[in-house]
There are 2 protein chains.
Amino acid sequence: MSKAEATRSDILRRALELIYKQGYQATSIDDILVTTQVTKGAFYYHFRNKEEMGIALIDEAMQDEIWPLIEKSLSASPNFRDNIYEMIKGLLFEQPFLTVEHGCPAVNLIQEMAPLNDAFRMALIKSLNKWKRAIEAEIIRGQQAGQLDTTHDAKQIALNVITLYHGVRNMGKLLGKPYYISFLKEFRRYLDILN
Amino acid sequence: MSKAEATRSDILRRALELIYKQGYQATSIDDILVTTQVTKGAFYYHFRNKEEMGIALIDEAMQDEIWPLIEKSLSASPNFRDNIYEMIKGLLFEQPFLTVEHGCPAVNLIQEMAPLNDAFRMALIKSLNKWKRAIEAEIIRGQQAGQLDTTHDAKQIALNVITLYHGVRNMGKLLGKPYYISFLKEFRRYLDILN
DNA sequence: GACATAACATACTAATTGGTATGTTGCAAA
DNA sequence: TTTGCAACATACCAATTAGTATGTTATGTC
């Protein structure tokens with residue numbers, strides 16, 4: 001990685017950190033500059049404006065942060081239920097970057113920016129669909145392996161899983177880690193009930 | 001209602017509208033003043049600062065907006081399943097104030113402000129608990145009426161319902177109204193599966 | 001080693017921010 | 001009908017905002 005590329009990805013990583021904790025609109029470019037030790041000239045050399053950086057952040061930094069865990073957990077075991085369960089558990093508990101109080105950066109950005117900015121919405125939809133397809137594929141694999149009745153709609157279940165994840169990430173901000181634990185129990189029950 | 005009270009509640013209503021659409025931090029006091037035709041002096045006569053107005057908004061304006069629907073739907077029919085289903089359906093579809101793209105003001109505020117401000121978090125928890133208890137009571141009523149096995153934990157189900165609502169409000173920002181519809185079908189299934 | 005350009009650095013701006021200081025007006029009680 | 005205070009109105013401020021204009025420096029190529 002060249003020095004310029006390092007600068008760029010450093011900006012994105014730090015920006016993700018700040019935006020994760022404060023929100024996109026509440027995070028100023030100066031905030032980012034202070035924590036990165038990068039100057040304004042460098043920032044605007046790499047990004048045309050704040051919005052372009054935000055989009056890059058979704059397409060690159062955010063993906064890099066969570067995608068390894070998703071891929072790993074979805075191919076860990078032959079049992080699709082275990083894999084999906086471990087994926088959610090991993091996202092909730094085993095991401096050092098994420099905390100209960102601040103939730104999930106993707107969920108936060110959807111909440112804040114999807115209604116305000118088309119480019120953000122598109123980027124977030126793309127990211128969501130990637131995740132959805134991965135879950136869906138794992139469910140279909142489970143069906144083909146005889147672990148789940150083929151009458152179930154894999155798409156629908158995938159969306160349910162993501163919806164639950166969004167919900168628990170939001171509720172966790174009020175109820176804290178104990179809620180994550182009781183949610184996980186319920187989530188396992190949900191998976192097991194699917195015949 | 002005195003004229004002063006009218007001014008105050010007008011500020012709160014308009015502020016709720018703006019904050020709902022733009023977010024709390026992105027809504028400036030000047031924004032509120034322009035749309036209310038109220039002057040800065042009047043604003044700061046009624047509220048010590050922006051935060052105090054935000055809290056009042058949660059405690060008063062937000063409750064007034066959704067609570068009538070919740071109470072009405074939770075006592076509409078003898079069937080607790082129908083009532084809870086209609087409550088969620090009503091919140092999603094029959095609140096003229098709310099739109100799919102902007103989601104739910106309470107969910108939005110939790111996402112944005114719970115990690116940043118203790119006073120907000122407290123007010124939001126209070127509001128959440130009020131809703132949770134109402135759902136819980138309706139579930140217990142259903143259990144006493146023999147509609148639901150008493151082995152089920154009413155508290156847990158109430159939290160599940162709210163979690164799903166949070167999730168769908170967030171996902172709706174990306175997937176739009178069609179998702180609300182398919183979610184509702186799944187939600188009905190979830191209620192019916194509880195034996 | 002000259003030279004071009006990529007990669008930054010510095011200094012600035014106009015607009016906006018939450019909040020304050022200091023007014024003015026209306027209305028209710030005496 | 002004066003008087004006191006609730007209920008506003010106006011003018012201001014220092015800090016912060018995204019973005020720009022105009023530099024300087026490093027680096028790869030010939």
Side-chain angles (χ1 to χ4, degrees), chain A residues 1-58 60-61 109 112-113 115-120 123, chain B residues 1-58 60-61 109 112-113 115-120 123:
Chain A
M1 184 159 57
S2 76
K3 195 154 164 281
E5 279 168 346
T7 304
R8 190 189 129 96
S9 75
D10 189 38
I11 292 173
L12 286 180
R13 279 204 52 191
R14 303 286 190 160
L16 176 58
E17 236 177 281
L18 288 171
I19 288 170
Y20 170 52
K21 288 179 185 162
Q22 305 178 342
Y24 172 79
Q25 298 178 105
T27 299
S28 73
I29 292 172
D30 283 331
D31 275 347
I32 299 169
L33 300 183
V34 167
T35 64
T36 50
Q37 303 274 45
V38 156
T39 61
K40 193 156 272 196
F43 182 93
Y44 279 96
Y45 173 77
H46 287 287
F47 306 101
R48 278 220 316 276
N49 49 38
K50 194 186 176 187
E51 180 186 355
E52 191 181 284
M53 184 222 57
I55 302 299
L57 188 150
I58 295 170
E60 303 169 35
L109 264 180
E112 181 185 3
M113 296 306 294
L116 297 180
N117 187 304
D118 273 353
F120 272 77
Chain B
M1 184 158 59
S2 76
K3 194 154 165 280
E5 280 169 344
T7 304
R8 191 188 129 97
S9 75
D10 188 39
I11 292 172
L12 287 180
R13 280 204 51 192
R14 302 286 190 159
L16 175 59
E17 234 176 281
L18 287 172
I19 289 171
Y20 169 53
K21 289 180 185 161
Q22 306 178 339
Y24 172 81
Q25 298 178 105
T27 298
S28 72
I29 292 173
D30 284 330
D31 275 348
I32 299 170
L33 300 183
V34 167
T35 65
T36 50
Q37 302 274 47
V38 155
T39 62
K40 195 158 270 196
F43 182 93
Y44 279 96
Y45 173 77
H46 287 286
F47 306 101
R48 279 222 315 275
N49 49 37
K50 194 186 177 188
E51 181 187 354
E52 192 182 284
M53 183 222 58
I55 303 298
L57 189 149
I58 296 170
E60 303 170 34
L109 263 180
E112 182 185 3
M113 295 307 294
L116 297 181
N117 185 304
D118 273 352
F120 273 76

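These numbers were taken from a predicted model, which means no experiment stands behind them.
A donor-acceptor distance shorter than 3.5 angstrom exists from the side chain of A:Q25 to the backbone of B:Q22, with no hydrogens or angles considered. A distance-only check finds no donor-acceptor pair linking the side chain of A:E112 to the backbone of B:E112 [under 3.5 Å]. At least one donor-acceptor pair closer than 3.5 Å links the side chain of B:K50 to the backbone N or O of B:T27.
For the pair B:K50 NZ and D:dA15 P, the computed distance is 20 Å after rounding to whole Å. B:R8 has its CZ atom 16 Å from the P atom of D:dA6, to the nearest Å. Atom pair A:K3:NZ and C:dT5:P shows a separation of 21 Å (rounding to whole Å applied). The CZ atom of A:F43 sits 10 Å away from the C1' atom of D:dA18 (whole-angstrom rounding). One atom, CD1 of B:I29, and another, C1' of C:dT17, lie 9 Å apart when rounded to the nearest Å. The interatomic distance linking B:Q25 (CD) with C:dT17 (C1') rounds to 13 Å, in whole Å. Between the OH atom of A:Y45 and the C1' atom of D:dT25 there is a distance of 13 Å, given to the nearest Å. Between the CZ atom of A:F47 and the C1' atom of D:dA18 there is a distance of 15 Å, rounded to whole Å.
To the nearest 0.5 Å, atom CD of residue A:E52 and atom OH of residue A:Y44 are 11.0 Å apart.
Residues A:Y24 and A:G41 each lie close to DNA chain D; by heavy-atom proximity, the contact nearer the 5' end of the strand is made by A:Y24.
OP1 or OP2 of D:dG19 lies within a sub-4.0 Å distance of a side-chain N or O belonging to A:Y44. For C:dC8, the OP1/OP2 oxygens have a side-chain nitrogen or oxygen of A:H46 closer than 4.0 Å. The phosphate of D:dA7 (OP1 or OP2) has no side-chain N or O of B:T7 nearer than 4.0 angstrom.
When side chains are defined from C-beta on, B:M113 does not count as touching B:I19, because their heavy atoms never get closer than 4.5 Å.
Among the nucleotides D:dG19, C:dA9, D:dT17, the one closest to any side-chain atom of A:D30 is D:dT17. Here the nucleotide nearest the side chain of A:A42, chosen from C:dC8, C:dG19, D:dA9, is C:dC8. Comparing D:dC8, C:dC8, D:dA18 by their nearest atom to the side chain of B:A4 picks out D:dC8.
Counting distance only, with no hydrogens placed and no angle test, the side-chain atoms of A:K40 and the base atoms of D:dG19 include a donor-acceptor pair under 3.5 Å.
Within 4.0 Å (heavy atoms only), A:S28 reaches sugar-phosphate atoms of the nucleic acid but no base atom.
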